[in-house]
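To find a chain, count down the sequence lines: A is the first, B the second, and so on, and within it residues start at 1.
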Amino acid sequence: MTPRVRFAPSPTGFLHVGGARTALYNWLFARSSGGTMILRSDDTDEERSTPEYAADILDSMRWLGLDWDEGIDTGGPHGDYRQSARLERYRAVADRLVEAGGAYYSFATPEQLDAFRDEARAAGTAPSYDGRFDVDQADAVKRIAAGERPTIRFQVPRPGRTTFEDIVRGEVSFDHSQVDDFVILRSDRTPTYHLASTVDDVDFGITHVVRGEDLLSSTPKHILLTEAMGADPARYAHLSLLMGPDGKKLSKRHGHTAISAYRDAGYLPEALVNYLALLGWNPGEDATVLPLNEMVDRFDLTAVSKNPAIFDTDKLEWMNGVYIREMDPAEFVNQIIASIEADLARPLTDGDRARLVAMAPHVQERTKLLTEIGDQVAFLLVDEVEFDEASWAKVMTKPGVADILDAAGERLAAIDDWDVRSIEETLRGMIADLEIGAGKGFQPIRVAVSGSTVSPPLFESLEALGRETTLERVRRARSLVG
RNA sequence: GCCCCCAUCGUCCAGCGGCCUAGGACUCCGCCCUUUCAAGGCGGCAACGGGGAUUCGAAUUCCCCUGGGGGCACCA
């Protein structure tokens, strides 16, 4: 039997890094085992679900390069893969369970339940509801006819115990005294997560449930429900959760955790996916940077780490730099032109484009985030440079700067062919004649043309800038030096 | 409170009874290269939470403690 796995996000929020990692592990498992990847929408919470979140999840999945064989948008043999479209099915399962005696109408009030839980807690026993307020099912029909709206609860066999072999954790066991008679159908006859999710897993033939560890203690419920439906439970693999830098569960408090926020911050999907994969799995042979297709070859669900992992942006940033450097140069140019036009909110002139194209390879080498490119190349696109205060103070107030700028202006003006080679030759000749070092001789020119002590390589920058602009900027800086 | 999971450098991962004076990557710090900044090269700092037990021998097995995480809803 070929594996069938699913990623089943709830459209009550953006796709965040934790969810994306779960999706990725499901995807890697499917692709490495010749299995089927299914994308489902667990949207039974009408209140909190929104179309915007649903769209964000799809967009983010696609952006990351994670596709699916069946599911929302793509369809498949099981019809609609959104739970909101399958409500009748869940009701039918719940009703049949009541008929078969595996579930019961519950009229227990919230007050009763609260009181019971408080007492249990105080007594040091498990606060799991065991049906004690619903012993009498005989008049359930009458009460319903009279207008009461009960929930339907699953009857957990007690005493009892559910034990299963988790693929990443090994044997896990829960005593049924810890498992409450959980609600499967609410009083408004909408299904709870436990019901909808389990029914779908059974109906869709899911063989492996790969999900977050937060669902580990709900697993007995899902196994019990599956068995009550007369089906064989899937294999379960519970992934440890992702934490913030403070060791706490990753949340909005740690800043943006949405995948789309990383896209906007200038990360490459390849880098994000690579980094996420390494959070809890190691491909062996000290491999760190490896593309999705190579991960597929090496992926092994049983080798996934049990430790919770901290989402650490330092390493992600480094990896992003690696992927940027590995990018196809032409693709890099396209990316930066698009992103800079978006920043400037205007189309680039032909001259701007030419300058960017010339500079691109040198920028590509020193970029960690796509979003920082704008600053690096700003000097190529403005009419007049703005001088960074610290840079000016550091180099332009030194003695001899005026002479250096004068000499540079003079010699650069005399160049016949304005290219890197002659620019370098000229300026090196200048510092030799002036008997000064490269640092002392070149930094004033750098600040004059770029506004900062930090810039892409000098000779290449001058070439890209063009003779006129270069000379103009050297003159202006010279006049400001006094 | 009850239950479940986890425990190696600051972080992510190797290690699955002797090969460990614990390895790699990120970060950080030096040095080299160098026109700045990066990149790259070389080097360095840095960890088996504690206590028992098993064993000739434990990072590796078992138990307890401690610590961290998760769950205990008519949310998912």
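- For B:C74, one of the phosphate oxygens OP1 or OP2 lies less than 4.0 angstrom from a side-chain nitrogen or oxygen of A:Arg153.
- One C1' atom belongs to B:G10, the other to B:U27, and the distance between them is 8 Å to the nearest Å.
- Between A:Tyr267 and A:Tyr323, the ring center distance fails the sub-6.0 Å criterion.
- Mapped onto RNA chain B by nearest heavy atom, A:Lys221 and A:Ser455 fall at different nucleotides, with A:Ser455 at the one closer to the 5' end.
- Side-chain proximity of A:Leu216 to the nucleotides B:C12, B:C6, B:C5 is greatest for B:C5.
- In this structure, of B:G69, B:C37, B:A73, it is B:A73 that holds the atom nearest to the side chain of A:Asp180.
- Side chain A:Ser217 to base B:C72: no donor-acceptor pair is found below 3.5 Å.
- Using the six-membered ring where Trp is involved, A:Tyr105 and A:Phe107 have ring planes that are tilted, between 30° and 60° apart.
- Using a 4.0 Å cut-off, no side-chain N or O of A:Arg211 falls inside it from OP1 or OP2 of B:A76.
- At least one side-chain heavy atom of A:Asn274 sits less than 4.5 Å from a side-chain heavy atom of A:Val289.
- The residue among A:Thr288 and A:Ser106 whose nearest nucleotide of RNA chain B is located toward the 5' end is A:Thr288.
- Rounded to a whole angstrom, the distance from the C1' atom of B:C62 to that of B:C3 is 22 Å.
- With rounding to whole Å, A:Tyr275 atom OH is found 8 Å from B:C12 atom P.
- For the P atoms, the distance linking B:C56 with B:C13 amounts to 36 Å, nearest Å.
- Nucleotides B:A53 and B:G43 place their C1' atoms 42 Å apart, quoted to the nearest Å.
- Put simply, A:Asn307 has a side-chain N or O that comes within less than 4.0 Å of OP1 or OP2 on B:U8.
- A:His238 comes within 4.0 angstrom of nothing in the nucleic acid, heavy atoms only.
- Side-chain nitrogen and oxygen atoms of A:Arg48 include none within less than 4.0 Å of the OP1 or OP2 phosphate oxygen of B:A76.
- Rounded to the nearest 0.5 Å, atoms CZ (A:Arg478) and CD1 (A:Ile404) are 11.5 Å apart.
- Rounded to the nearest Å, the gap between the P atom of B:C48 and that of B:U8 is 11 Å.
- A close approach under 4.0 Å does not occur between any side-chain nitrogen or oxygen of A:Ser452 and OP1 or OP2 of B:C37.
- Outside the 6.0 Å centre-distance limit, the rings of A:Phe7 and A:Tyr25 are not counted as a close aromatic pair.
- Between A:Arg325 and B:G40 there is a side-chain polar atom (N or O) within less than 4.0 angstrom of OP1 or OP2.
- For the C1' atom pair drawn from B:C33 and B:C12, the interatomic distance equals 30 Å after rounding to whole Å.
- Residue A:Leu458 is in base contact, counting any heavy-atom pair closer than 4.0 Å across all strands shown.
- Nucleic acid contact for A:Glu365: base, since at least one base atom lies under 4.0 Å from a heavy atom of the residue.
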